[in-house]
There are 2 protein chains.
Amino acid sequence: MATLKDVSKASGFSITTVSRALNGYDDVNKETRDKILDVAKELGYSPNILARSLVKKQSNTIGFLVTDLKRESIKDNFMFETLCGVSDELSNLNYEFVLLSTSTSKQKNKTYSQMCAERQLDGVVIQGLKRDDPYLLEAIESTVPCVLVDIPVEGVNTGYVTSNQLESAKQAVRYLIRLGHQHIAFMNGSPNAYVSTVRYDAYRQVLHEHEIDFRDEYVLNGDFEELASKNVALPFLLNHPEVTAIFCASDVMALGVLQATRELGLNVPDDLSIIGFDNILLSQYVSPPLTTVGQQPYEMGRKAASMIVNIVEEQDAPHEVFVNNQLILRESVTKNRR
Amino acid sequence: MATLKDVSKASGFSITTVSRALNGYDDVNKETRDKILDVAKELGYSPNILARSLVKKQSNTIGFLVTDLKRESIKDNFMFETLCGVSDELSNLNYEFVLLSTSTSKQKNKTYSQMCAERQLDGVVIQGLKRDDPYLLEAIESTVPCVLVDIPVEGVNTGYVTSNQLESAKQAVRYLIRLGHQHIAFMNGSPNAYVSTVRYDAYRQVLHEHEIDFRDEYVLNGDFEELASKNVALPFLLNHPEVTAIFCASDVMALGVLQATRELGLNVPDDLSIIGFDNILLSQYVSPPLTTVGQQPYEMGRKAASMIVNIVEEQDAPHEVFVNNQLILRESVTKNRR
DNA sequence: CTTGATTTCCGAAACGTTTCGGGTTTAAAA
DNA sequence: TTTTAAACCCGAAACGTTTCGGAAATCAAG
């Protein structure tokens, strides 16, 4: 492959001048620049990024760090989607991007800083590390900037993008109310999970907002499991015919409720509107397709990418970005006709 | 970050010796090696891959080239799975790996060779390019080795990994026969698709193998669509009660057949065994879960990765590898009890 | 015709490695 | 004691860039 030296020889100008011409400096004559450009094109010259990075002390590449890109993560298209987002945005911004997957065994051999130093990464976006992962802690301390997706942690060179958990849950409940539902039940997950409490709060707050009395017996516990939800929904729906809608803290629990309605011979959405959370893949295949609120991992990836290059390039941009979860309207919810 | 020079100074040995010690050359005294290792560890030294690549003229990184990692490719977990495979295998082999996504707009600015040269890629694995993609043609001609997944094309530094379409289809039919089925129908897709003819051939060959008469009326055409398959299956199943099994050239068509059985009040698999092709996501969620033959993209990724480093390292290994499609046994097939 | 500014160019050093060729010391053999 | 070989070490060049500092040539002003 042609190098600067080759172009230099072929054009008759020094390496310095060739370099400066190609990089658009203005202390080179128009004529000589044109000539150099011609020669460069003819020779198919393309700068060696490695050499450039070496001297400029920055590589124009961002790492995307995930845990264990092993077989299991396949079912999790969340990661893949954020990856797509990151990749797209970075390529727009003319950054390269390398995929880094860690495993505990690797972490023994190499620290996070070493990993960054080796490739002279300008920054890294991190996704899916456990909160106590040593790499995560190191990353936050490190001088090389990073942005975390879905891990709201503050740090020096650190930013994060996450979703509006509370607000989106509220929106789901508001949607039901908007459609005229007054007796709305809530299927909660295990109460000691963070998201459970958030969704529970959302439920209560929106009821309050609309001056609908909160009723303790309208809160069920499905423990994030399909079967459990079905079992708890079954008697509930029998005893509370006035309930026309139910907000479930997860799609799997919504599926359980759906089963319960089938066994009771109830029609969804005519007899009962169901709204889920997560937008799992199955939710669009089930019958009727589930209205649910889903995250937007692709969007989060894009935002993360754009944030990391902002930080890298020291433009002051917010170090905290929310990507709104999105209410996905399908067919398990309808107007209250009673 | 600590460099060789730092370690050199801190340990009192020359840069050369430090380098050789760290790289395990045997012309350095045990004592001094130990000392150097100690110092290196203490300083947190980690070699700069860029500098190393520059001088060694090889980067130890493999590119994974896909078209347009844009939003649409998300639904296609095929790509993601092969990516996982490639990544896993490469990390086992101590290679780095960068994701390259092309778009027609990018291709105008940069040729394939330039893309490789810039990063000094040792090799690239290519997935999902159209057969007439300019990059593909260039890749085959190029001096930098590449392996193609699912694109059986010969070239100089080129290899490919693909799946045994014919053999796996045969296996599916054999499976039915093994379970005692004698009257086996075949739901074909549109006959001018390549895979259709392959699966049709497989069907006929296996029947012949087992001396079962081929019957023209046992071949249906579902055009790769669910509804069409249902409509064609409905009268067929009525008129041919002797048929106990049906091999479908795709899962979606199998789904159509499934629907037909429901409408006819037939039980799957007791009254009719159904076997599909593709292992689409829905196939495991439907009731009963569909027995089907699926590709193994993860495995293909691994094989591709391992092949590319073989080629790069000039070990002579086969430049053609088949990853067997796999019969995925679920619940839509059972023994013939008639 | 000087002087000073501007334009245009270039040499050389630097980035962090690897590696070639050779040099010094030590030990074994003659 | 001298020669030879082995063991251990190092200087310097190279990889392909960028960039600092300055040099030559041109031009405008005095």
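For the numbers below, each heavy atom of this structure counts, side chains included, while hydrogens, waters and symmetry mates do not. Every chain is numbered from 1, with letters handed out A, B, ... down the list of sequences.
Summarising the geometry, the separation between CD1 on B/I15 and C1' on C/dT19 is reported as 13 Å, rounded to the nearest angstrom. Atom P of nucleotide D/dT18 and atom CG of A/L54 are separated by 12 Å, given to the nearest angstrom. With rounding to whole Å, B/D26 atom CG is found 14 Å from C/dT19 atom P. Distance OH (A/Y45) to C1' (D/dG16): 8 Å, rounded to an integer number of Å. In this structure, A/N60 places its CG atom 14 Å from C1' of D/dT17, rounding to the nearest Å. In this structure, B/R33 atom CZ and D/dC10 atom C1' are separated by 16 Å, rounded to whole Å.
Distances shorter than 4.0 Å separate some side-chain N or O of B/N23 from OP1 or OP2 on C/dT18. Not one side-chain nitrogen or oxygen of A/S19 sits closer than 4.0 Å to the OP1 or OP2 atom of D/dT17. Side-chain N/O atoms of B/S14 include none lying less than 4.0 angstrom from OP1 or OP2 on D/dC9. Residue B/K57 has a polar side-chain atom (N or O) positioned under 4.0 Å from OP1 or OP2 of D/dG16.
The side chain of A/T3 approaches D/dG16 more closely than any other nucleotide in the set D/dG16, C/dC9, C/dG16.
In this structure, A/S8 reaches neither bases nor backbone, as no heavy-atom distance under 4.0 Å exists between it and the strands shown. When heavy atoms are screened at a 4.0 angstrom cut-off, B/S59 is found touching no nucleic acid atom at all. Nucleic acid contact class of A/S53 (heavy atoms, under 4.0 Å, all strands): none.
For CD of A/E320, the number of neighbouring non-hydrogen atoms (other residues, nucleotides, ligands) closer than 6.0 Å is greater than 12. Around CD of A/E31, the count of heavy atoms belonging to other residues, nucleotides or ligands within 6.0 Å does not exceed 12.
In this structure, B/E118 pairs ionically with B/K110, as a charged nitrogen and a carboxylate oxygen lie closer than 4.0 Å.
Looking at A/D27, its side chain comes within 3.5 Å of the base of C/dC9 through a donor and an acceptor atom. The base of C/dT19 sits with one of its N or O atoms less than 3.5 Å from a complementary donor or acceptor on the side chain of B/T16. Residue side chain B/N29 does not reach the base of D/dC9 through any donor-acceptor N/O pair under 3.5 Å, judged by distance alone.
Looking at A/I49 and A/E96, their side chains come closer than 4.5 Å, going by heavy atoms from C-beta outward.
Partners of B/D34 by salt bridge (Lys or Arg N to Asp or Glu O under 4.0 Å), not counting sequence neighbours, listed by chain and number: B/K30.
Nucleotides of DNA chain C nearest to B/Y25 and B/L50 differ in position, and the one nearer the 5' end is that of B/L50.
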